[in-house]
Peer 1: 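One structure, pasted below without further comment.
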Amino acid sequence: MKEKKRVLITGAGGFIGHHLANRLKAEGHWVRGVDLKYPEYQASAADEFEIRDLREWADCLASTRDGIEEVYNLAADMGGIGYITAFHASIARNNILINAHMLEAARQQNVKRFLFSSSACVYAQSKQKIADVAPLREEDAFPAEPEPGYGWEKLYAEELCRYYWQDYKFETRIVRFHNVYGPLGTYDGGKEKAPAAICRKVALAKNGSEIEVWGDGQQTRSFMYVDDCVEGLIRIMASECRDALNLGTDELVTINQLVDLVSEVAGKRLTKRQNLSGPQGVRGRNSDNSLLQRTLGWEPSIMLRQGLAATYPWIREELRAAASVEAIDEMPAA
């Protein structure tokens with residue numbers, strides 16, 4: 001039997017935090033979820049769920065009360081490329097406050113381990129200028145040249161975690177997410193990531209019509225299914241590694257290929273209309289999982305097509321239930 005722990009998940013009303021709460025509860029742990037909002041699509045499995053603003057010191061201190069042993073700090077002001085390129089000041093300010101307050105509150109409350117959710121946006125932009133990009137190793141974050149706003153605050157918070165170990169011997173873990181997707185994730189409103197946005201566009205398009213793609217579609221990314229993400233988080237928290245670790249797949253695809261995969265899952269033939277003025281981020285980004293494999297003896301293994309086969313039907317049914325469009329094509333028979 002695994003040791004049962006008292007766990008706090010910040011950002012538990014969000015996509016990854018909600019899935020993590022479900023998994024930890026299924027394993028028998030006691031879970032407190034904290035967020036500005038409740039989960040949007042499904043009730044939380046957490047033992048306690050509290051609405052708190054973690055930019056405020058008092059709310060961070062209250063969230064870590066009562067013998068919390070582990071903190072998964074997933075709370076963040078974030079979204080897709082359109083969102084994080086439009087609001088540098090507010091995103092950086094909000095996340096710096098959340099991360100600094102949560103680290104100090106957890107330390108003062110004698111939390112045993114604190115996991116910080118960083119991002120592949122910390123990587124030097126000069127190393128992501130071609131589509132056929134070399135997979136990014138953890139050391140490629142330096143010399144520092146992260147994405148403006150969101151990337152800079154994530155990189156600073158990583159350093160803050162290291163300082164807390166150096167100065168206080170406070171156990172921190174650092175994970176760099178690479179594009180997580182799956183059911184129960186945001187798919188509209190401006191904060192959605194590329195897989196969810198494309199699933200929405202494909203679901204709303206009639207067979208034989210066209211959909212808009214930001215950029216020329218040749219920009220590349222790797223995408224990780226949420227079940228792999230949750231597994232990785234739990235393994236990294238349990239590890240003895242205090243250095244940053246990539247958490248993503250190394251299955252590199254163009255955005256055009258992503259559109260083709262979603263269209264294939266949907267059983268539709270669609271034309272791409274390239275919006276060259278749309279935000280598209282770095283030209284290429286992929287995850288080097290060598291250090292993750294050496295550290296954990298594990299890496300994400302769910303292929304993109306398999307994950308999309310679960311994600312697309314969920315988004316399509318959400319759109320159907322919301323009556324966003326009356327004529328959404330039926331899924332083909334399996």
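What you are looking at is a predicted structure, and each value in this text was computed from that prediction instead of being measured. The first residue of the sequence shown is numbered 1, and numbering continues consecutively from there. Computed from heavy atoms alone, side chains included, the values below leave out hydrogens, waters and symmetry copies.
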Peer 1: Using a strict cut-off of less than 4.0 Å between a Lys/Arg side-chain nitrogen and an Asp/Glu carboxylate oxygen, indicate whether Glu231 and Arg23 qualify as a salt bridge.
Peer 2: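 Result for this pair is yes, salt bridge flagged.
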
Peer 1: Counting only N and O atoms by type, is there a donor-acceptor contact under 3.5 Å from the side chain of Lys127 to the main-chain atoms of Ala134?
Peer 2: no

Peer 1: Checking side chain to side chain contact (heavy atoms under 4.5 Å, CB included) for the pair Cys199/Leu308: CA distance, chi angles, key distance, verdict?
Peer 2: CA-CA 8 Å; Cys199 284; Leu308 291 173; 4.2 Å; yes

Peer 1: Taking atom CG as the centre, does Asp47 end up with more than 12 heavy-atom neighbours from other residues, nucleotides or ligands that are less than 6.0 angstrom away?
Peer 2: yes

Peer 1: At what distance, to the nearest 0.5 angstrom, does CG of Leu247 lie from CD1 of Ile174?
Peer 2: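 Here the rounded value is 13.5 Å.
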
Peer 1: Test of understanding: with side-chain hydrogen bond (donor to acceptor under 3.5 Å, both in side chains), list the residues that count as partners of Tyr187, not counting sequence neighbours.
Peer 2: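 Not a single residue meets the side-chain hydrogen bond (donor to acceptor under 3.5 Å, both in side chains) criterion with Tyr187.
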
Peer 1: Any side-chain donor paired with an acceptor under 3.5 Å for Tyr83 and Asp77?
Peer 2: yes

Peer 1: Using side-chain hydrogen bond (donor to acceptor under 3.5 Å, both in side chains), reason through Asn246 and Arg176 one step at a time and then give a plain yes or no.
Peer 2: CA-CA 5 Å; Asn246 282 331; Arg176 291 176 181 164; 4.9 Å; no

Peer 1: Is it the case that one hydrophobic cluster holds both Ile236 and Leu24, taking links as side-chain heavy atoms less than 4.5 Å apart, direct or via other members?
Peer 2: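 Yes; tracing contacts between hydrophobic side chains, which count when under 4.5 Å, links both residues.
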
Peer 1: When the ring planes of Tyr164 and Phe170 are compared, do they come out parallel, tilted or perpendicular, using 30° and 60° as the limits?
Peer 2: perpendicular

Peer 1: Are the side chains of Phe114 and Leu103 in touch, meaning some heavy atoms are under 4.5 Å apart?
Peer 2: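 A side-chain contact exists here, since the closest heavy-atom pair is under 4.5 Å.
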
Peer 1: Return yes if a side-chain donor-acceptor contact under 3.5 Å exists between Ser118 and Glu158, otherwise no.
Peer 2: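 Looking only at side-chain atoms, Glu158 and Ser118 do form a donor-acceptor pair, the distance falling under 3.5 Å.
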
Peer 1: Quick check: is Met303 connected to Val180 through a chain of hydrophobic side chains (ILVMFWY, heavy atoms under 4.5 Å apart)?
Peer 2: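 No, no single cluster joins them.
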
Peer 1: Give the C-alpha distance, both sets of side-chain angles, the deciding distance and a yes or no for side chain to side chain contact (heavy atoms under 4.5 Å, CB included) between Tyr156 and Asn99.
Peer 2: CA-CA 10 Å; Tyr156 171 72; Asn99 297 327; over 6 Å; no

Peer 1: Judged by atom type as modelled, is there a donor-acceptor pair below 3.5 Å linking the side chain of Lys268 to the main-chain atoms of Ala205?
Peer 2: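 Pair found, side chain donor or acceptor close to backbone of Ala205.
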
Peer 1: Counting N and O atoms only, with roles assigned by atom type, does the side chain of Glu299 sit under 3.5 Å from a partner on the main chain of Asn289, one being a donor and the other an acceptor?
Peer 2: no

Peer 1: A side-chain contact here means heavy atoms from C-beta on lying under 4.5 Å apart; do Gln109 and Arg65 qualify?
Peer 2: yes

Peer 1: Which heavy atom in Ile255 sits nearest to a heavy atom in Ile198, and how many Å separate them?
Peer 2: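 The answer is CG2-CD1, 4.1 Å.
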
Peer 1: Kindly compute the distance separating NZ (Lys5) from CD (Glu70), expressed to the nearest 0.5 Å.
Peer 2: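 Here the rounded value is 4.5 Å.
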
Peer 1: Quick one, Asp66 with Arg32, criterion salt bridge (charged side-chain N to carboxylate O under 4.0 Å, His left out). Give me CA distance, side-chain angles, the key distance, then yes/no.
Peer 2: CA-CA 11 Å; Asp66 298 338; Arg32 175 182 293 144; 3.6 Å; yes

Peer 1: Is the side chain of Arg235 donor-acceptor paired with the backbone N or O of Gly232 at a distance under 3.5 Å, no angle test?
Peer 2: no

Peer 1: Using the rule given for side chain to side chain contact (heavy atoms under 4.5 Å, CB included), can you reason through Trp57 versus Met102, listing the C-alpha separation, both sets of side-chain angles and the distance that settles it, and then say yes or no?
Peer 2: CA-CA 8 Å; Trp57 164 248; Met102 279 303 306; over 6 Å; no

Peer 1: Are the side chain of Asn95 and the backbone of Ala76 linked by a donor-acceptor contact shorter than 3.5 Å?
Peer 2: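 Side chain of Asn95 to backbone of Ala76, a donor-acceptor pair under 3.5 Å: no, none is there.
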
Peer 1: Locate the shortest heavy-atom distance separating Ser287 from Ser222; write the atom from each residue and the value.
Peer 2: N-OG, 3.9 Å

Peer 1: Within 45 degrees of the ring normal and closer than 6.0 Å to the centroid, is that where the cationic atom of Lys169 sits relative to Trp165?
Peer 2: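 Because its charged atom sits under 6.0 Å from the ring centre and within 45° of the axis, Lys169 does stack over Trp165.
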
Peer 1: Side-chain donor-acceptor pair under 3.5 Å between Glu56 and His101, yes or no?
Peer 2: no

Peer 1: Keeping Asn73 on the side-chain end and Leu115 on the backbone end, is there a donor-acceptor pair under 3.5 Å?
Peer 2: no

Peer 1: Okay, side chain of Ser263, backbone of Arg269: is any donor-acceptor separation there less than 3.5 Å?
Peer 2: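 No: the side chain of Ser263 does not pair with the backbone of Arg269.
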
Peer 1: Regarding Arg113 and Glu171, does a basic nitrogen lie under 4.0 Å from an acidic carboxylate oxygen?
Peer 2: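 Between Glu171 and Arg113 there is no salt bridge, as every charged N stays at least 4.0 Å from the carboxylate O atoms.
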
Peer 1: Write down the atom of Trp214, the atom of Pro279, and the distance for their closest heavy-atom approach.
Peer 2: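 The answer is CE3-O, 3.2 Å.
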
Peer 1: Looking at CG of Leu61 and OG1 of Thr64, how far apart are the two atoms once the value is rounded to the nearest 0.5 Å?
Peer 2: 5.0 Å

Peer 1: What do the steps show when you test Ser44 against Phe49 for side chain to side chain contact (heavy atoms under 4.5 Å, CB included), and what is the final call?
Peer 2: CA-CA 8 Å; Ser44 177; Phe49 196 103; 3.6 Å; yes

Peer 1: Is there a side-chain contact between Tyr181 and Met224 (heavy atoms, below 4.5 Å)?
Peer 2: no

Peer 1: Please determine whether residues Leu304 and Tyr312 belong to a single hydrophobic cluster, defined as Ile, Leu, Val, Met, Phe, Trp and Tyr linked transitively by side-chain heavy-atom distances below 4.5 Å.
Peer 2: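 In one cluster: yes.
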
Peer 1: Are the side chains of Ile84 and Cys121 in contact, using a 4.5 Å heavy-atom criterion?
Peer 2: yes

Peer 1: Let me confirm one number: the CD1-CG distance from Ile16 to Leu74, rounded to the nearest 0.5 Å.
Peer 2: 6.5 Å

Peer 1: Using a 4.5 Å cut-off on heavy atoms from C-beta on, say whether the side chain of Thr172 contacts that of Phe116.
Peer 2: no

Peer 1: Residues in salt bridge (Lys or Arg N to Asp or Glu O under 4.0 Å) with Lys272, at least two apart?
Peer 2: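 Listed in chain order: Asp260.
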
Peer 1: For the residue pair Asn256 and Thr254, confirm or rule out a side-chain donor-acceptor distance under 3.5 Å.
Peer 2: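 Distance-only check fails for Asn256 and Thr254.
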
Peer 1: Could you measure the distance from the OG1 atom of Thr311 to the CZ atom of Phe223? Nearest 0.5 Å is fine.
Peer 2: 11.5 Å

Peer 1: Got a second to check how far Ile9's CD1 is from Lys25's NZ, nearest 0.5 Å?
Peer 2: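 Reported to 0.5 Å precision, the distance equals 10.5 Å.
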
Peer 1: With hydrophobic residues grouped by side-chain heavy-atom distances under 4.5 Å, do Trp152 and Val122 end up in a single group?
Peer 2: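 No, it is not one cluster - the side chains of Trp152 and Val122 are not joined through contacts under 4.5 Å.
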
Peer 1: Would you indicate whether the side-chain heavy atoms of Arg162 and Arg242 approach each other to under 4.5 Å?
Peer 2: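 Heavy-atom side-chain distance check fails, nothing below 4.5 Å.
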
Peer 1: For Glu210, give me all partners under salt bridge (Lys or Arg N to Asp or Glu O under 4.0 Å), at least two apart in sequence or on another chain.
Peer 2: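 Listed in chain order: Arg273.
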
Peer 1: Is there a side-chain contact between Thr220 and Asp132 (heavy atoms, below 4.5 Å)?
Peer 2: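 They are not in contact (no side-chain heavy atoms under 4.5 Å apart), so the answer is no.
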
Peer 1: Spell out, yes or no, whether Leu97 and Leu36 are grouped together once hydrophobic residues are joined by side-chain heavy atoms under 4.5 Å, including indirect joins.
Peer 2: no

Peer 1: Return yes if a side-chain donor-acceptor contact under 3.5 Å exists between Gln274 and Asp216, otherwise no.
Peer 2: no

Peer 1: Is Glu138 reaching over with its side chain to a backbone N or O of Asp243, donor-acceptor style, under 3.5 angstrom?
Peer 2: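 It does not hold such a pair.
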
Peer 1: Kindly indicate whether the side chain of Met237, heavy atoms from C-beta on, has any atom under 4.5 Å from the side chain of Leu233.
Peer 2: no

Peer 1: Whether the side chain of Asp35 engages the backbone of Gly13 through a donor-acceptor N/O pair (distance < 3.5 Å, no angle test) should be reported.
Peer 2: yes

Peer 1: Indicate the atoms forming the closest heavy-atom contact of Pro148 with Gln125, along with that distance.
Peer 2: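 Where Pro148 meets Gln125 most closely, the heavy atoms are CD-NE2, 3.9 Å.
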
Peer 1: For the residue pair Gly307 and Ile302, what are the closest heavy atoms and their distance?
Peer 2: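 Heavy atoms only, the tightest pair is N-CG2, 4.1 Å.
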
Peer 1: So which atom in Ser119 and which in Lys154 form the shortest heavy-atom distance, rounded to 0.1 Å?
Peer 2: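 Looks like CB-CG, 4.2 Å.
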
Peer 1: Are any side-chain N or O atoms of Asp140 and backbone N or O atoms of Leu136, one a donor and one an acceptor, separated by less than 3.5 Å?
Peer 2: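 No, Asp140 side chain to Leu136 backbone: no donor-acceptor pair under 3.5 Å.
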
Peer 1: Between the side chains of Ser126 and Glu145, is a donor N or O closer than 3.5 angstrom to an acceptor N or O?
Peer 2: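 Yes - a donor-acceptor pair under 3.5 Å links their side chains.
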
